[in-house]
Amino acid sequence: MTGTGLKRTRLLLLAFPLLLSGCWDRVEIDQRGFVVGVGIDEPDKKEDEKQGNNIQDDDKQAQDNQSGPSKRQTFKVVYQIVMPAGLSTNKSDGGAGGGKAYFNMAVEENAMATSMSKLSQRLSRAPFFEHLKVIVVSESIARKPQKFAETIDFFLRESQMRRSTRVMVTRDKALNILNTHPPDQKLPAQYLEELSDNTKESSRILPESRIGDVHEFLLKHKSFAIQGVMNSSRNYSTVTEAAVFNGKSNQLVGFLNAKETAGLNFMEGHVKGGQLKFTFEDRLGVFSVERVSRQLACTFGPDNLPSFTFHIRVEGSVDEVFHAPDTLKEPAISAMETAIQGEIVKLMESTANKLQHEFNCDVMGLREYLFHNHYRWFKKHESQWEEDGKLFSTRPVQMDVKVSVRRSGNINLTED
């Protein structure tokens, strides 16, 4: 062999290990346990007494021997895991001919990481979280100081986790939410993810709450609101509530109902569509929101304290009016615009009143406005804004709403 040929052989031998090492950590897809949903509840005490807490004898003895920080509240973590065979069939009801597309497995532990370890002991496939769609936390967990942050800490640190995973809070049990099974969906977790995106169809749905955004709120110690989900039946859930958290304690303080959530969306400029009922001249109408703009203004009085005004501009069309007058005439259009403005102001005032006087949590954006536009004043009074001096709860908030009806329909009169 010539010298040139020997050099080429050596280069090839050096290159082979690099090519062979490319798939050293490969895991076949049929060996992965795809986790698409996680629910976090408190253990059911009555069920624990009857069924021995569903914990093996050695686990019980280990917990009894624990003391200090390790012997703390136990979480009941429900993992929703995909059954690929069920996804490959046209059957969506989990009946004969295809089988179910998922199953839920509950694990009780006092730390999220160890709950996943216990899950690995029960599954034939290694848990895989890159396709996790939604995390549902029960109200009983979220109302305890710092518990909400503790429950999602694992998901923030886990390298497989996506920052776009949805986070929701429920008044119900998280297990019930993950058992919601509409006829047109095979995976409840996927149904919840798609449901959270329907903001263009309703003004009463808060923008989707991503775990990356929640992490930012927690780091800033900023009060925030995330989507609340309710289990209305076995076939569907609703996300027309907002769960409000205190920024200092990271603790759930309460919920905004559907109308109050709509008011918050208007104040934050998050409304992308939806319908709004209104009445004028004892007539019922439905206004379809098409465009919303929002500006927040602030003025300081002689006491050097701020007052705020939300300037909201709304455009849309009238979808329905019962026994309507001539809707092409200016007086009728003006009357409808005034009525719609009044409804939006009611929504916003109701929300502001609850946030200021019941929750004392600024999720309306006032704190952020002061931080960006009046930084020196904000840094001087930051500690007094929500907690110490409760300045937030005493600041006047005005609503300036103007509505423009762009279209009133294809007809100008209905039978009276």
Side-chain angles (χ1 to χ4, degrees), residues 34-42 44 75-83 86-87 92-95 100-106 131-143 148 151-152 155 162 164-211 213-214 224-245 252 254-262 264-265 270-275:
F34 291 95
V35 180
V36 292
V38 173
I40 305 171
D41 284 316
E42 280 192 313
D44 190 335
F75 300 109
K76 183 176 182 180
V77 188
V78 182
Y79 296 92
Q80 187 164 109
I81 302 161
V82 175
M83 299 174 66
L87 293 175
S92 62
D93 56 0
K100 211 172 182 180
Y102 73 95
F103 67 94
N104 293 328
M105 181 170 287
H131 294 277
L132 181 64
K133 299 181 181 299
V134 61
I135 300 170
V136 182
V137 182
S138 68
E139 178 185 6
S140 59
I141 294 292
R143 281 195 180 273
F148 177 77
T151 56
I152 67 170
F155 300 101
R162 295 180 298 122
S164 60
T165 299
R166 307 291 196 272
V167 181
M168 299 178 177
V169 177
T170 180
R171 298 176 187 263
D172 204 341
K173 287 190 175 182
L175 175 60
N176 293 340
I177 301 299
L178 290 180
N179 275 328
T180 306
H181 196 182
D184 62 339
Q185 284 283 359
K186 295 183 179 181
L187 297 176
Q190 183 175 355
Y191 162 72
L192 293 171
E193 181 187 42
E194 294 176 0
L195 185 65
S196 71
D197 289 333
N198 284 340
T199 53
K200 290 184 179 179
E201 309 301 327
S202 175
S203 61
R204 300 185 176 191
I205 298 178
L206 207 64
E208 64 272 12
S209 312
R210 303 172 185 268
I211 195 171
D213 298 329
V214 174
F224 60 94
I226 63 177
Q227 288 181 339
V229 57
M230 293 189 299
N231 185 245
S232 300
S233 76
R234 179 70 172 84
N235 293 326
Y236 71 93
S237 294
T238 58
V239 289
T240 55
E241 286 193 325
V244 179
F245 283 79
L252 175 69
F255 290 87
L256 299 177
N257 61 31
K259 290 184 177 181
E260 292 162 348
T261 301
L264 179 61
N265 281 332
H270 290 156
V271 177
K272 299 179 180 179
Q275 284 73 38

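What you see is a predicted model, and the numbers here were worked out from it, not measured in a lab.
- The OG atom of Ser237 sits 5.5 Å away from the CG atom of Leu192 when rounded to the nearest 0.5 Å.
- One finds the NZ atom of Lys133 at 9.0 Å from the OG1 atom of Thr165 (value rounded to the nearest 0.5 Å).
- Across every non-hydrogen atom of Arg162 and Ile211, the tightest pair is O-CG2, 3.6 Å.
- Nearest heavy atoms, Gly39 versus Leu178: N-CD1, 3.4 Å.
- Expressed to the nearest 0.5 Å, how far OH of Tyr191 lies from OG1 of Thr180 amounts to 6.5 Å.
- Here Glu193 pairs with nothing under the side-chain hydrogen bond (donor to acceptor under 3.5 Å, both in side chains) rule; sequence neighbours left out.
- Residues forming a ring-ring contact (aromatic ring centres under 6.0 Å, His included) with Tyr79 (at least two apart in sequence, or on another chain): none.
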Does Tyr102 form a side-chain contact (heavy atoms from CB on, under 4.5 Å) with Val36? I'd like the steps, not just the answer. CA-CA 9 Å; Tyr102 73 95; Val36 292; 5.8 Å; no

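- Ring geometry for Phe245 versus Phe224: interplanar angle under 30°, hence parallel rather than tilted (30 to 60°).
- Remark: Asn104 engages Gln80, Asn179 in a side-chain hydrogen bond (donor to acceptor under 3.5 Å, both in side chains) (not counting sequence neighbours).
- Listed here is the closest heavy atom pair of Ala174 and Ser138: N-CB, 4.4 Å.
- Interatomic distance, CD1 of Ile81 versus CE of Met105, reported as 5.5 Å (0.5 Å rounding).
- Nearest heavy-atom pair across Ile226 and Phe148 is CD1-CZ, 4.1 Å.
- Asp41 contributes atom CG, which lies 6.5 Å from atom CG of Leu175 (distance to the nearest 0.5 angstrom).
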Give every donor-acceptor pair under 3.5 Å between a side-chain atom in residues 201-209 and any protein atom, sequence neighbours left out.
unit_1 : atom_1 : unit_2 : atom_2 : d
Ser202 : OG     : Arg204 : N      : 3.1
Glu208 : OE2    : Arg210 : NH2    : 3.2
Ser209 : OG     : Gln227 : N      : 2.9

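- A pairwise comparison of heavy atoms in Lys186 and His181 identifies O-NE2, 3.8 Å as the closest pair.
- Side-chain contact check for Thr261 versus Thr240: every heavy-atom pair is 4.5 Å or farther apart.
- Contacts of Thr238 classified as side-chain hydrogen bond (donor to acceptor under 3.5 Å, both in side chains), with partners at least two apart in sequence or in another chain: none.
- In this structure Ser196 satisfies the side-chain hydrogen bond (donor to acceptor under 3.5 Å, both in side chains) test together with Arg166, sequence neighbours excluded.
- Contact check for Glu139 versus Leu252: side-chain heavy atoms found under the 4.5 Å cut-off.
- Leu187 places none of its side-chain heavy atoms less than 4.5 Å from the side chain of Phe34.
- Minimum interatomic distance between Phe103 and Met83 (heavy atoms only, all atoms of both residues): CD2-CG, 3.5 Å.
- Between the side chain of Asn176 and the backbone N or O of Asn231 there is no donor-acceptor pair closer than 3.5 Å.
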Can you list the steps and then say if Thr151 with Phe75 is a side-chain contact (heavy atoms from CB on, under 4.5 Å)? CA-CA 9 Å; Thr151 56; Phe75 300 109; 3.6 Å; yes

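- At least one side-chain heavy atom of Glu241 sits under 4.5 Å from a side-chain heavy atom of Arg171.
- The structure places CD1 of Ile141 at 8.0 Å from CD1 of Ile40, a figure rounded to the nearest 0.5 Å.
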Checking Leu195 against Tyr236 for the side-chain contact (heavy atoms from CB on, under 4.5 Å) test, could you report, in this order, the C-alpha distance in whole Å, the side-chain angles of both residues, the deciding distance, and whether it holds? CA-CA 10 Å; Leu195 185 65; Tyr236 71 93; over 6 Å; no

Worked check of side-chain contact (heavy atoms from CB on, under 4.5 Å) between Val214 and Phe155: CA-CA 12 Å; Val214 174; Phe155 300 101; over 6 Å; no

